[in-house]
Amino acid sequence: MDSGMRATCTVPDHFLPRKLSKQNLDRFIPNRSAKDFDFANYALTQGSKRNLDEVTSASRKAYMTQLAVVMNQNRTRILAFRNKPKSLLSTNHSDSPHQNPKPVKPRRYIPQNSERVLDAPGLRDDFSLNLLDWGSANVLAIALGDTVYLWDASSGSTSELVTIDEDKGPVTSINWTQDGLDLAVGLDNSEVQLWDCVSNRQVRTLRGGHESRVGSLAWNNHILTTGGMDGKIVNNDVRIRSSIVETYLGHTEEVCGLKWSESGNKLASGGNDNVVHIWDRSLASSKQTRQWLHRFEEHTAAVRALAWCPFQASLLATGGGVGDGKIKFWNTHTGACLNSVETGSQVCSLLWSQSERELLSSHGFTQNQLTLWKYPSMSKMAELNGHTSRVPFMAQSPNGCTVASAAGDENLRLWNVFGEPPKTTKKAASKNYPELFSHVNSLRWCLVSL
């Protein structure tokens, strides 16, 4: 075939390779007829050569101004907004007449100093014991050596409840009933005494549950739960003669923390074996049971600090001792660890605020401080300093505002950490918390006067 035939030969369309639809992309073709090349040439060459401010002749300046107007044709307004446009994604709706801005809650003032500092001679510095409790009847109980003292916060009066014989003592734990009228007292010889604090008389002694000292106690209505150095957890029904109804076996070392949930269905226990157990009463089928609901082994030191969340029933906070220093949060329904926060020191005790999403922790070496945390961000709201040794004991007033802390430095401090009481409970709650010991200079004075 000659070259002329090849030049006129066409290839059918179905032989040409077709591009995929994704490859058939648009391209920008400028419309050069809309461009003003004369103005562009003037702006690039003549427009930048002479500054209008440099012209000294008035007539020359007027001529150049008029020329610029004619040549520029008022192009300075092309694609320029007359007014600044409003942001389409703006979140500020304050200009709307139908919406009012939310009021900003003022930040609560948290006093950095304790309201009172009192001597507590004979207070044992033992991480595994529980020697301080504030009852719902507004009476604070503290164990100093072999003696238990009571302070009525409403009247400011003090009294000695009991001094234990040396062969039975010292006192190793105390805990109020939920009505604040009766006090359980755990002893070093494995016994537990029950005291009626209205009539100041002993009503019962529980024996046989443990083989050594009872360092932790927790009431659940008529059930008194005791935790011992032998690792046992015993449920006692104080209404019946043979009080032991259940025994939980799971800890291999001393049980140093016990807390019932608000519903009374779940019990949290912490031990010197670094383990936390969650027990469900509905799973207990006999007097000897190992049927814990959950077992948490993530802490690397003893766990004494336990606190059930008041606004989320299934949330439990736990704190680890020396060598751990972490606060962990657990979902007790699923057993999942929700968060772990490094505090930098031994966590001795934990208390939730009753009105705010806040958590208070007490610590040991090096600062021996109380730290207030915002939950769930766990940002520090305040650090309260004053104790010179670790702070194993904390108790919360019935109105939830004042916290008492007791430490190995033999000092008892009162802190107004959780703010003012709610107005709905102001009448029922005592107004004397900041002046709790206004008639008492120190606990040592109480011992002498009694």
Side-chain angles (χ1 to χ4, degrees), residues 128 130 173 175 177-178 184 186 190 192 206-310 312-321 324 328-340 350:
S128 300
N130 293 269
S173 56
N175 192 240
T177 55
Q178 284 142 317
S190 78
V192 178
L206 304 179
R207 300 182 178 90
H210 298 278
E211 300 171 3
S212 54
R213 72 178 185 182
V214 180
S216 54
L217 300 166
W219 283 97
N220 184 9
N221 295 321
H222 55 274
I223 298 295
L224 174 61
T225 304
T226 61
M229 184 181 281
D230 53 12
K232 293 181 182 178
I233 299 173
V234 179
N235 284 342
N236 298 270
D237 189 337
V238 298
R239 302 171 301 176
I240 59 179
R241 181 182 296 271
S242 300
S243 63
I244 301 175
V245 292
E246 292 158 347
T247 302
Y248 297 153
L249 302 177
H251 290 284
T252 58
E253 295 187 34
E254 183 169 14
V255 179
C256 51
L258 288 174
K259 283 291 187 300
W260 281 100
S261 64
E262 185 66 25
S263 65
N265 295 326
K266 291 184 175 65
L267 173 70
S269 64
N272 285 342
D273 54 3
N274 311 342
V275 175
V276 176
H277 283 114
I278 306 298
W279 309 89
D280 192 329
R281 287 208 67 199
S282 63
L283 298 179
S285 58
S286 66
K287 290 188 177 182
Q288 299 292 332
T289 176
R290 293 178 180 268
Q291 297 179 359
W292 58 73
L293 182 63
H294 298 294
R295 178 181 172 93
F296 304 139
E297 301 179 353
E298 282 77 358
H299 283 291
T300 57
V303 182
R304 179 186 181 276
L306 305 167
W308 290 93
C309 179
Q312 189 172 339
S314 62
L315 180 62
L316 175 71
T318 62
D324 181 271
K328 295 182 181 292
F329 299 90
W330 309 90
N331 183 330
T332 57
H333 284 332
T334 64
C337 182
L338 304 178
N339 193 12
S340 180
L350 293 170

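Below, each value reflects all heavy atoms present in this structure, side chains not excepted, and no hydrogens, waters or symmetry copies.
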Between SG on residue Cys337 and NE2 on residue His294, distance to nearest 0.5 Å
12.5 Å

Residues passing the side chain to side chain contact (heavy atoms under 4.5 Å, CB included) test with Glu262, sequence neighbours excluded, are none

Taking only residues two or more places apart in sequence, or in another chain, which ones meet Trp330 in a ring-ring contact (aromatic ring centres under 6.0 Å, His included)?
Phe296

Residue list, side-chain hydrogen bond (donor to acceptor under 3.5 Å, both in side chains) with Thr332, at least two apart or on another chain
none

Run the side-chain hydrogen bond (donor to acceptor under 3.5 Å, both in side chains) test against Ser128 and tell me which residues pass, sequence neighbours left out.
Asn272

Who are the side-chain hydrogen bond (donor to acceptor under 3.5 Å, both in side chains) partners of Asn274, not counting sequence neighbours?
none

Taking all heavy atoms of Ser216 and all of Val255, pick out the closest pair and write down the distance.
OG-O, 3.2 Å

Interatomic distance, NZ@Lys259 vs CG@Asn220, rounded to 0.5 Å, equals 13.0 Å

Taking only residues two or more places apart in sequence or in another chain, which ones pass side chain to side chain contact (heavy atoms under 4.5 Å, CB included) with Asn331?
Ser314, His333, Thr334, Leu338

Checking side chain to side chain contact (heavy atoms under 4.5 Å, CB included) for the pair Ile223/Arg281: CA distance, chi angles, key distance, verdict?
CA-CA 11 Å; Ile223 298 295; Arg281 287 208 67 199; 3.8 Å; yes

Distance check, rounded to the nearest 0.5 Å: Lys266 atom NZ versus Leu293 atom CG?
6.0 Å

For a side chain to side chain contact (heavy atoms under 4.5 Å, CB included) check, start with the C-alpha distance between Asn236 and Thr226, then their side-chain angles and the critical distance, and finish with the verdict.
CA-CA 8 Å; Asn236 298 270; Thr226 61; 3.7 Å; yes

Contacts of His210 that satisfy ring-ring contact (aromatic ring centres under 6.0 Å, His included) - sequence neighbours left out
none

With salt bridge (Lys or Arg N to Asp or Glu O under 4.0 Å) as the rule and sequence neighbours excluded, what pairs involving residues 210-221 come up?
Asp126-Arg213, Glu211-Lys232, Arg213-Glu254

Note, Leu267 side chain near Ile233 side chain (heavy atom, < 4.5 Å)
yes

What residues form a side chain to side chain contact (heavy atoms under 4.5 Å, CB included) with Ala305, not counting sequence neighbours?
Val347, Leu350

Which atom pair, heavy atoms only, marks the closest approach of Val214 to Ser173?
O-OG, 2.9 Å

Provide the closest heavy-atom pair for Ala184 versus Val192 in the form atom of the first, atom of the second, distance.
CB-CG1, 4.4 Å

By side-chain hydrogen bond (donor to acceptor under 3.5 Å, both in side chains), Asn265 pairs with (sequence neighbours left out) Ser263

Those residues that, when tested against Arg239, pass salt bridge (charged side-chain N to carboxylate O under 4.0 Å, His left out) (two or more places apart)
Asp237

Interatomic distance, CD@Gln178 vs NE2@His222, rounded to 0.5 Å, equals 10.5 Å

For residues Val238 and Ser243, determine if any side-chain heavy atom of one lies less than 4.5 Å from a side-chain heavy atom of the other.
no

Euclidean distance, Asn235 CG relative to Thr247 OG1, rounded to 0.5 Å:
8.0 Å

Show the numbers, then the answer: is there a side chain to side chain contact (heavy atoms under 4.5 Å, CB included) between Val234 and Leu206?
CA-CA 11 Å; Val234 179; Leu206 304 179; over 6 Å; no

Can you label the angle between the Trp279 ring and the Tyr248 ring as parallel, tilted or perpendicular, going by 30° and 60°?
parallel

Which pair of heavy atoms, one from Ala218 and one from Asn175, lies closest together, and at what distance?
CA-OD1, 3.6 Å

Specify the closest pair of heavy atoms between Trp308 and Ser261, including all atoms of both residues, with the distance to one decimal.
NE1-N, 3.5 Å

Grab the two heavy atoms, one from Met229 and one from Ser212, that are nearest each other, plus how far apart they are.
CB-OG, 3.2 Å

Which residues pass the side chain to side chain contact (heavy atoms under 4.5 Å, CB included) test with Arg207, not counting sequence neighbours?
Glu191, Thr205

Decide yes or no on side chain to side chain contact (heavy atoms under 4.5 Å, CB included) for Ser340 and Glu298, but give the supporting numbers first.
CA-CA 10 Å; Ser340 180; Glu298 282 77 358; over 6 Å; no

Sub-3.5 Å donor-acceptor pair from the side chain of Asn339 to the main-chain atoms of Phe329, do we have one?
no

